[in-house]
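Here is the structure we will look at, set down as structure tokens.
Every chain is numbered from 1, with letters handed out A, B, ... down the list of sequences.
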Amino acid sequence: MNTPRQEMEARVAQAVAKLFSPVPSGPYVRPCPDPRHGDFQTNVALVQGKQSQTNPRELAEKLVETIAWNDIAKPPEIAGPGFINFQLKTEYIAQQIGRRWIDERLGIPVVEKPETLVIDYSAPNIAKEMHVGHLRSTILGDALARLYCFLGHKVIADNHIGDWGTGFGMILFGYKREGDPEKLKQDPFGHLETIYRKIQAKAKADESVREAAKRELVLLQQGDPKSRELWAQFLKYSLDALEQIYQRLGVHFDHTLGESFYNDLLPGVVNDLVRRGIARESEGAIAIFSEGKLPPKDDPFLVSDKESASGFRDNPLLIRKSDGGFNYAATDLATLRYRHEHFRAERVIYVVDGRQQMHFRQIFDAARRWGYDGMKLEHVWFGTILGPDKKPIKTRDGGDVKLKALLAEAEERAGKIIVEKRPELSNSEQASLARIVGLGALKYADLAQNRNLDYVFNWEKLLAFDGNTAPYLQNAYVRVRAIFRKAGEQTVKDAFLKVQALAKLEPSRPAIFLSERVELELGRKLLDFADSLLLAAGEYRPHYLCLYLFELATVFHKFYEACPVLIPDEAVRNSRLVLCDLTARTLAQGLNLLGINVVEQM
RNA sequence: GCUCCCAUAGCUUAACGGAUAAAGCAACGGUCUUCUAAACCGUAGAGUGUUGGUUCGAUUCCAACUGGGAGCGCCA
């Protein structure tokens with residue numbers, strides 16, 4: 001079913017098409033930035049007035065006559081230079097509440113044309129333990145996967161792990177000399193990382209170590225059985241350890257097709273690109289250069305250069321090194337082809353750090369030239385996580401925060417507060433609450449902010465339980481559950497049956513009362529859920545959903561203060577129970593799409 | 001040198017080209033015999049880095065500049 005916004009949009013669009021030619025482009029309707037003006041507004045009269053040199057207020061009057069507002073809105077008001085403000089009728093809101101409430105999907109329709117999309121996220125390196133730097137991609141990608149799935153798309157969550165490449169030469173070299181199978185089994189990342197660091201330090205000082213590591217890599221890539229066997233062991237133990245983290249995070253993948261999976265395809269990919277004239281040999285390497293068809297400013301394979309005669313110089317993308325090894329660009333292109341051919345992906349979403357923008361611009365353009373121009377390719381980038389010194393948390397100097405430790409501390413901090421607030425709960429209940437609340441707070445702190453911004457990693461901030469945070473939303477849910485517990489199962493059941501019967505049999509008779517101002521405000525807000533989902537999905541920005549849920553929870557808390565639910569007046573009580581129920585389910589559903597659970601009490 | 005990103009209240013952020021720029025945190029002052037005070041109510045606090053431009057209208061679009069960050073053939 002349509003949201004009020006979509007309903008208004010359709011009606012205004014109809015009137016616009018009837019009155020104006022050429023038709024100005026939409027969307028025409030948006031929520032009023034200031035609720036005092038109304039629920040929705042359109043400024044199409046201003047736009048059209050300018051284009052046709054007519055008085056916008058006159059156009060606005062014509063529009064008001066033509067728009068079919070009567071059944072859902074009060075008489076529109078023309079304001080200022082020609083805004084038209086709409087205010088929804090209370091009866092319409094009440095009726096829409098009822099329709100959403102009886103629907104399992106809360107009135108959110110499934111998309112008409114489901115798309116097959118691959119979402120590429122998390123992508124840790126299996127030689128290193130997951131750290132804070134993997135957090136954003138993992139939870140952002142997971143949220144997007146859940147969101148698109150709920151909207152009805154066919155989502156393929158693919159973890160493109162770094163299980164191949166140069167680092168493994170060092171590790172193999174080191175492991176063959178001082179590896180310990182027992183330690184590997186116990187703590188794969190810890191053991192591999194220790195080895196990696198040691199060898200790296202040695203390699204810095206000793207040329208022969210570097211050479212030896214390179215030879216190891218070549219052996220591995222050529223398929224040397226001993227090396228492959230060791231590598232397979234690293235992979236197995238590392239994947240098991242990764243899986244533990246993902247389970248704890250509640251993150252799911254449909255596939256884990258890492259870099260190694262594409263290894264055998266790389267020569268074919270590079271040959272194909274060369275044969276088609278997209279890539280060519282250069283200084284012993286093979287690289288993709290500009291095809292000269294784009295405006296130089298927009299060409300990712302050119303950068304400006306005052307020294308050069310044309311004003312631009314090449315900015316190639318290397319796909320094969322001069323020593324015959326393949327760069328990750330080759331892997332990315334092979335992956336893209338596989339996703340097209342095997343998954344029939346119509347869209348691929350890369351949830352990857354913003355530092356790789358140039359790389360993806362080049363990959364996407366190369367893919368287009370290669371013939372994969374039917375696929376939508378999106379680099380959903382995010383900012384860097386900074387340390388307290390406002391510099392990126394580095395992975396090599398040992399200063400990185402392990403994800404495991406991060407999760408443990410989130411739980412521990414949440415646990416302290418829970419023990420304090422709910423001393424009467426059992427230890428296991430407290431522990432389970434701590435897990436859900438701590439993890440929720442951790443995820444939400446990241447999801448609630450614009451992904452493009454860098455942020456300074458800070459325990460207090462990540463785990464603050466005030467303001468726009470997961471616990472605040474979880475608490476709104478908890479308050480509803482408390483009301484239902486107090487009312488008793490039977491009372492709630494009876495109330496719901498009565499309201500349902502009224503809604504079905506006599507749609508004209510009100511079953512939902514929105515007589516208090518906060519009730520109306522809550523009812524109004526409840527209808528906007530779908531708008532926030534579509535906005536969040538369309539822009540790949542879950543923070544729009546967070547913002548909506550925060551606003552919903554805020555209105556609900558106000559409602560909770562002002563409108564006692566369990567009162568003698570049965571009709572009002574039933575109506576409020578329904579408002580509570582729809583609020584709780586909307587919060588639970590919204591949080592679920594963010595990968596966050598709710599609790600019965602906290 | 002080139003390219004990209006960022007700049008809004010003390011701090012962290014929001015604002016889908018529009019009306020008097022919105023929240024949270026921190027600060028200050030109130031509210032628990034009544035469904036969980038991880039809550040609510042109130043006070044104070046910015047004119048959006050600078051300079052121009054486009055527009056009836058710019059935090060939003062464009063240009064230049066300043067400051068911060070990142071990336072820029074043979075790591076991923």
Kindly say if [X] contacts the phosphate of [N], meaning a side-chain N or O under 4.0 Å from OP1 or OP2.
X	N	result
A:K558	B:C40	no
A:S304	B:U3	yes
A:H543	B:A15	yes

What's the closest nucleotide to the side chain of [X] if the choices are [options]?
X	options	answer
A:K50	B:A76, B:C75, B:U55	B:U55
A:W381	B:A63, B:C5, B:C35	B:C5
A:N315	B:C72, B:C40, B:G73	B:C72
A:I417	B:C5, B:A38, B:A76	B:A38
A:Q449	B:C56, B:U3, B:U13	B:U13
A:N327	B:A76, B:C35, B:U36	B:A76

Open item on the list: Given 3.5 Å as the limit, does a donor-acceptor pair link the side chain of A:R355 with the main chain of A:T384, or not?
Closed with: no
Task: Mate of B:A21 where both pairing distances stay under 3.5 Å, Watson-Crick or G-U - done: none
- [ ] Any strand is fair game: report the nucleotide pairing with B:G71 by Watson-Crick or G-U wobble, both distances under 3.5 Å, or none.
- [x] B:C2
TODO: Mind checking A:N450 for me? I need base, sugar-phosphate or nothing, with any heavy atom below 4.0 Å counting as a touch.
DONE: sugar-phosphate
TODO: Name the nucleic acid region contacted by A:C563, choosing base, sugar-phosphate or nothing; use a 4.0 angstrom heavy-atom cut-off, strictly under.
DONE: base
Open item on the list: Assuming nearest nucleotide by heavy-atom distance, tell me which of A:T384 and A:Y472 is located more 5' along RNA chain B.
Closed with: A:Y472
Open item on the list: Here's a test of your reading of the structure: between A:R361 and A:W164, which maps to the more 5' nucleotide of RNA chain B?
Closed with: A:R361
Task: A:I278, A:V270, A:D332 screened by side-chain contact (heavy atoms from CB on, under 4.5 Å) with A:I319, the one that passes - done: A:V270
- [ ] Kindly state whether the pair A:F83 / B:A19 counts as stacked, where counting means centroids closer than 5.5 Å and planes tilted less than 30° apart.
- [x] yes
TODO: List the steps and the verdict of side-chain contact (heavy atoms from CB on, under 4.5 Å) for A:R541 and A:N450.
DONE: CA-CA 7 Å; A:R541 293 185 190 280; A:N450 182 340; 3.0 Å; yes
Open item on the list: Please report whether the ring centroid of A:F189 lies less than 6.0 Å from that of A:H131.
Closed with: no
